[in-house]
Structure formats: C-alpha cells, structure tokens
Amino acid sequence: MDPPTPLEQERRAKAARLRDAGGEPYPWSFPDRVLTDAVRAAGAGLAPGSEDPSRSFRVAGRLRSVREHGKTAFADLEDGAGVLQLLLRSDLLGEAGYRDGLAGLDPGDIVGAEGLASLSRRGEPSLAVRSLTLLAKAISPPPDKYHGVQDPEAKVRRRYLELLASPESRRRVRVRALLLAEIRRFLDDAGFVEVETPVLLPVAGGAAAAPFVTRSNYLDGELQLRIALELPLKRLIVGGLERVYELGKAFRNEDLDSTHSPEFTELEAYWAYADYHDMRGLAERLFARLADRTAEWLPDAPEAARGVALFRPPYRTVDFVEELERLGGISDVLGKSRDELRELAHRAGSTVPPGSSTGTFLDKLFEKYVEPTFDRLTFVVDHPEATTPLAKRHRTKPGRVERFEVFVPGYELGNAYTELNDPDEQERRFRAQLGERADDRYAYDEEFVRALRFGLPPTTGIGLGVDRIVMALTGAASIKEVLWFPLVRPAAGTGRPSPVEPR
RNA sequence: GGGCCCGUAGCUUAGCCCGGUAGAGCAGGCGGCUCUUAACCGCAAGAUCAGGGGUUCGAAUCCCCUCGGGCCCGCCA
C-alpha cells in the first residue's frame, strides 16, 4: 500500500474522533431508506423556503460536496436515483450536532440523512435534515468534483473511481446489462436454450487464435482456455438440442487494442434444420430489436443515436469474391494459387507472414480493399472455402461456403455459417488447414469429428462479439469503454505474473 | 514486435521549445458568513517534478536507460 497522505490521515482522524465520542464510522445498516427522487418529487411542489412537516424521509448515498454558510450548509448527496441537496441547519440539527456533524464529514463519505422534504429559497428541492449519520467514512478523497477522472490509466485501472465520478459511466454499465438481458430474452422467445459449456478444454478450437494455457493438477496435464464456443455447442445439437445458445467469455492470447480484448464476451447460437439464410433473418431481427431498445435507454446521447442508426435496416450486402475482384482489381480470385495470393497481398501492402494459408491471404486482401469501404452495417456473404474449415460448401457457388460476416464501419461484429456436417469432409478440411502451413492455428479436434459421425442435422450457427455490439450501439470509441475491468499490467506492489518460458 | 506521444501536490493543471531553486484551482486545515449548488472571503500548509544515470556552475526543462500509460502500425480474419 501507498503510505497514507496527509489528507488520508486527516480523514482517519475524523473517524477516530467519532469513535472516541461513542460513534461508529462504519455502521451496519440504515433501514427504511428511500431513493432521493422521492424527496425531490415531494419538495418540488412546495413554496420556496418551506418544508413539508407531514412526512419524514430517510435517504442514503455518497456526499458529493458541502457548501458551508456559518449556521447553514448545503450538501449534495448522490444515490442510484441521482443527486439531492441536503439542507443542514443549526436550528434543525442542534448547535452541537450541526458543528460536530459537519466537522466529521468529507466529500466522498457515505452518509444517511433523515428529514423533511423542502424547497430551498432559491427553488432547489432539498431534504431539511434533522439527523445525519455517517455510514462509511471515505479515507481517500474522491476524484475532482468538476473534472472527474481524467487520467486514462486511472480510468481503466481504478474503474470504480470513474464510475463514482461519472453518472454517464454508470449508465453505460446499466445499458450493457440491459442489452445482455434483451439478447437472452430474444433468443429465449425464439425457442433457444441457454447452455454453459466448458471454459477449460484439452484443446481450444473453433477459431484461429492463440489460446491461454493452464494446468490441471487433477489431470496432471495441460488445459487451454476456450477461444470460441462453437465446437461444444455443435455437440449439443448432435445430442438433440435443436436450438442452443451460449453467452459467455472467450479468451485469446493476443494484444489488447480499441476493438480487441484478450477476454471478451461472445454470443454463439446454433439452430438445427435451418440454414444461413434463416440465421441472417434472425440476426437482422435481433439487431433491429437491440437498436429500438438502445434508443429507449439512451434517448439523448448523440453517439448512441449514430450507433442505433447503424443497426436499423436496410442493411448492405456484399459478395466476398465479387467485391474483392471489383475493388482490388483482381480477376478470378478463386482461381489464384497461394503464391499468387501472397504476391497480391504483398503488393496491397499487407505484411502477413509469407507462410500463411490461402485463406489468410484472402482475408488480408479483403481487409485491405473492401472493409475500409463499409459505411454502415454490412453483411459480407459467400466467402471462398479456404477461409474457413467449419462452414458448409455453397449449394450453387463453386469454391465458396455458405457464410456471412457482419461488419460495422471499423470492425467485425460476427460470423455465421451453414455448418459443415459431413464428418469426412470436416476431417479433410482440418487436415488441409493443418497441412497447408504451420501458422494456421485451427486445432484438429478429433473428438468433434467423432461427434459429427453420429449425425449433425443440417444446422446454422452464428458467433457475435457482444462487447463490440455494445460498443457500436452506444457509440463507444474503444472496447475498454464497455469492459469495466480491461486487462492491464499489474500495478507495482500488487504482484506480477511470474516470468514463464515462451512456448 | 515497430513508430509517435504522455507522466509536475490526493485531483485538475501552468512552467518544458529558449536551463537560473515549481505557480494556480479543487479537495484538506484554521477563521468568517442562515440560501448555496464548480458557493464566496481571509490566513497558513501541502510537490524527493514517475524512477535511475548523464551533460552543466546550475536540470521539471537538454541527453540516455528503466517503469507505467495513451495513440497508430503489425498480430489476433
């Protein structure tokens, strides 16, 4: 711990004085509390400078600021409903109670107050306080009352400070929770069953990403943290659950930037006896619903209004191959060899390692030529087969798979397929990916292929980045704004990860 | 992994270019004030200028290293 600052020593001394006087700076409860909006409402109709003696209110919250005027003081108390002015008067509290009470309080303290609804002479709804109780002494002072937390490091490292200083930040937490609840309600209503599948796996599959590796004492061996939810969910479809979804964390051992976090929240849904056209319809209905809800929750946030507009139809559709050929000036994309694609990617200014797979070069070319042109929510459809080993071959377009990706300007939101359900083909695709070059990290999950041999019905599936959906809808500039505790290096003195041998 | 930028009191910051012993507001202390709401007025206090090294008569300021952070690029489709 840091050594106490003089300010902290002063605040500790106030708590000690209260104890010496027989008080308790950290009492156990404050019963019969109402939210401050009840007092505001009761005070608003009164004549200025008067109070309503017919009913007493008890409120509790954090003390924001205190304005002293000799024998009168005003304090702002903030709770979940907002800010209420406390009117502290020597004649109501008693001279000693007024003096000692004020002397013991600091901004940031959690206090309870009992009193009458009133309207100040200047017309501010207030609580005319008859008794004031310290509920938790704040030893460290709160952030600057006007500027809040400015230091970007403090914002992510000590998020609680930003939250307590900023009602907008607290509102973002609530909107994220509402969006998650709305997603669940939407899928539940559509007949999907929410499931939880393992985070710890012998081999993390279902996407191309570096896993986090850990160790099981029980198994005396290595385990990996999941990088996607896909493979266990499809096993559940094999098991006869026809519509399943999971909303949970996935982990990728990669860098953090404005759209990537090593741990992030993913939604995956699998739907038997339906194809990717059906899934697109479901996704569009979900997007439209989330846009409507966000507009209700954030009615006057301009950045959210832009996000909401993105999620409202009509949406744009782009054919992966046609658009790449058109914008990249490339003919016969599907007929190109890996070497030719590598050359094209190189010329496009992409620095992918030369040993990458055909699919990686195609993705890079698409990323260079097509993605920057997205100006609204866009569905990219019918990718070349080489880009994914888990999607089913397109029923009419040779060399393609039945797949769509969803983009907003700047980043991808998700990915869906008509799922590959031919076990022998699945095995070939895994092997082809593994064999093509070592950079491809699609793990070959034998157990998954074995499950497919028992029969996976025709199925469609989707994976959506929930953090990114929240970002896009609320107009956040960085994923850190929708993750309350993004990954940071441990602060000095809190212990550091032990150095490990690179794998 | 590469590039650019940032780190001054608990908080928000001035000073850095052009070297001369750090200035303010908030918060806190003491005093004053019964209607303020970024309250106000007065007094006093609070800073090894992220850490280390170098250049210099003299370093917050110039140079190097380390730590932490931000942004961009690469990687994670």
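Here is how names work: the chains are called A, B, and so on, in the same order as the sequence lines, proteins then strands, and each is numbered from 1. Reckoned from all heavy atoms, side chains included, excluding hydrogens, waters and symmetry mates.
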Review point. Taking any strand in view, what nucleotide pairs with B:rG1 in a Watson-Crick or G-U wobble way, both distances under 3.5 Å?
Key: B:rC73
Exercise for review: Compare every heavy atom of A:Ile479 with every heavy atom of A:Thr259, then report the nearest pair and how far apart it is.
Suggested key: O-CD1, 3.8 Å
Practice item. Determine the Euclidean distance between corresponding P atoms of B:rC62 and B:rG1; express it in Å to zero decimal places. Key: 28 Å
Review point. To the nearest angstrom, how far is A:Arg252 atom CZ from B:rC76 atom C1'?
Key: 8 Å
Point to revise | Results of side-chain contact (heavy atoms from CB on, under 4.5 Å) for A:Ala228 - residues two or more places apart only | key: A:Ala207, A:Arg252, A:Glu266, A:Glu268
Check your understanding: Nearest of B:rC76, B:rC35, B:rA39 to any side-chain atom of A:Arg67?
Key -> B:rA39
Point to revise | Nucleic acid contacts of residues 39-48 of chain A, taken as heavy-atom distances under 4.0 Å to RNA chain B | key: none
Check your understanding: If we take the C1' atom in both B:rG74 and B:rC4, what is their distance in whole Å?
Key -> 15 Å
Revision key, fill the gap. Contacts of A:Arg99 meeting side-chain contact (heavy atoms from CB on, under 4.5 Å) (sequence neighbours excluded), chain-then-number -> A:Ala96
**Study point:** Partner residues of A:Tyr276 under the ring-ring contact (aromatic ring centres under 6.0 Å, His included) criterion, sequence neighbours left out
**Key:** none
Check your understanding: Can A:Asp106 and A:Lys137 be counted as an ion pair, charged N to O under 4.0 angstrom?
Key -> yes
Exercise for review: Please determine if a side-chain N or O atom of A:Lys480 lies less than 4.0 Å away from the OP1 or OP2 oxygen of B:rG69.
Suggested key: no
Check your understanding: In whole angstrom, what separates A:His260's NE2 from B:rG74's P?
Key -> 11 Å
Point to revise | Euclidean distance for P, B:rU61 against B:rA9 (whole angstrom) | key: 15 Å
**Study point:** Whole-Å distance separating the CG atom of A:Asp257 from the C1' atom of B:rC72
**Key:** 10 Å
Practice item. Please report the closest heavy-atom contact between A:Ala73 and A:Tyr98, naming both atoms and the distance. Key: N-OH, 3.4 Å
Review point. For B:rG7, which nucleotide in any strand shown is its Watson-Crick or wobble partner with both distances under 3.5 Å?
Key: B:rC67
Practice item. Report the distance from atom CD of A:Glu162 to atom C1' of B:rU12, rounded to the nearest whole Å. Key: 15 Å
Exercise for review: Taking atom C1' in both B:rU13 and B:rG46, compute the distance separating them and give it to the nearest angstrom.
Suggested key: 16 Å
Review point. Quick one: does A:His69 reach the base of B:rC35 with a side-chain donor-acceptor pair under 3.5 Å?
Key: no
Point to revise | Interatomic distance where NZ belongs to A:Lys364 and P belongs to B:rC73 [whole Å] | key: 12 Å
Practice item. Can you tell me, in whole Å, how much space there is between the P of B:rA47 and that of B:rC11? Key: 13 Å
Check your understanding: Which base, if any, makes a Watson-Crick or G-U wobble pair with B:rG42, both distances under 3.5 Å?
Key -> B:rC30
Practice item. Between A:Glu68 and A:Ser478, just flag the one whose closest nucleotide in RNA chain B comes earlier from the 5' side. Key: A:Glu68
Check your understanding: Of A:Arg393, A:Glu402, A:Arg403, which meets side-chain hydrogen bond (donor to acceptor under 3.5 Å, both in side chains) against A:Thr418?
Key -> A:Glu402
Check your understanding: If you measure from the P atom in B:rG20 to the same atom in B:rA59, how many Å do you get, rounded?
Key -> 11 Å
Study note, to complete from the structure: note: A:Asp76, atom CG; B:rU37, atom P; distance rounded to Å ~ 11 Å
Review point. B:rA60 and B:rA22: how far apart are their P atoms, nearest whole angstrom?
Key: 9 Å
Check your understanding: Which is true for A:Arg64 with a 4.0 Å heavy-atom rule: it touches a base, it touches only sugar-phosphate, or it touches nothing?
Key -> nothing
Review point. Which part of the nucleic acid does A:Glu367 contact within heavy-atom distance under 4.0 Å: base, sugar-phosphate only, or nothing?
Key: sugar-phosphate
Check your understanding: What distance separates A:Leu92 CG from A:Ser131 OG, expressed to the nearest 0.5 Å?
Key -> 11.0 Å
Practice item. Inspect the contact between A:Asp319 and A:Lys397 and indicate whether a charged nitrogen and a carboxylate oxygen are less than 4.0 angstrom apart. Key: yes
Using nucleotides 24-31 of chain B, report all nitrogen or oxygen pairs with the protein that are shorter than 3.5 Å.
unit_1: B:rG25; atom_1: N2; unit_2: A:Asp144; atom_2: OD2; d: 3.3
unit_1: B:rC26; atom_1: O3'; unit_2: A:Lys145; atom_2: NZ; d: 3.4
unit_1: B:rA27; atom_1: OP1; unit_2: A:Lys145; atom_2: NZ; d: 2.7
unit_1: B:rG29; atom_1: OP1; unit_2: A:Lys14; atom_2: NZ; d: 2.7

**Study point:** Value in whole Å for how far the P atom of B:rA38 lies from CZ of A:Phe74
**Key:** 13 Å
Practice item. With P as the reference atom in both, quote the distance from B:rG42 to B:rG25 in angstrom, rounded to an integer. Key: 10 Å
Exercise for review: Mind checking ring-ring contact (aromatic ring centres under 6.0 Å, His included) for A:Phe320 and listing every partner two or more places apart, or none if nothing turns up?
Suggested key: A:Phe366, A:His383
Review point. Are the aromatic rings of A:Phe74 and A:His69 close, with centres under 6.0 Å apart?
Key: yes
Check your understanding: On RNA chain B, nearest-nucleotide positions of A:Gly123 versus A:Val149: which is more 5'?
Key -> A:Val149
Practice item. Take the protein atom CD of A:Glu124 and the nucleotide atom C1' of B:rA39, then report the distance between them rounded to whole Å. Key: 13 Å
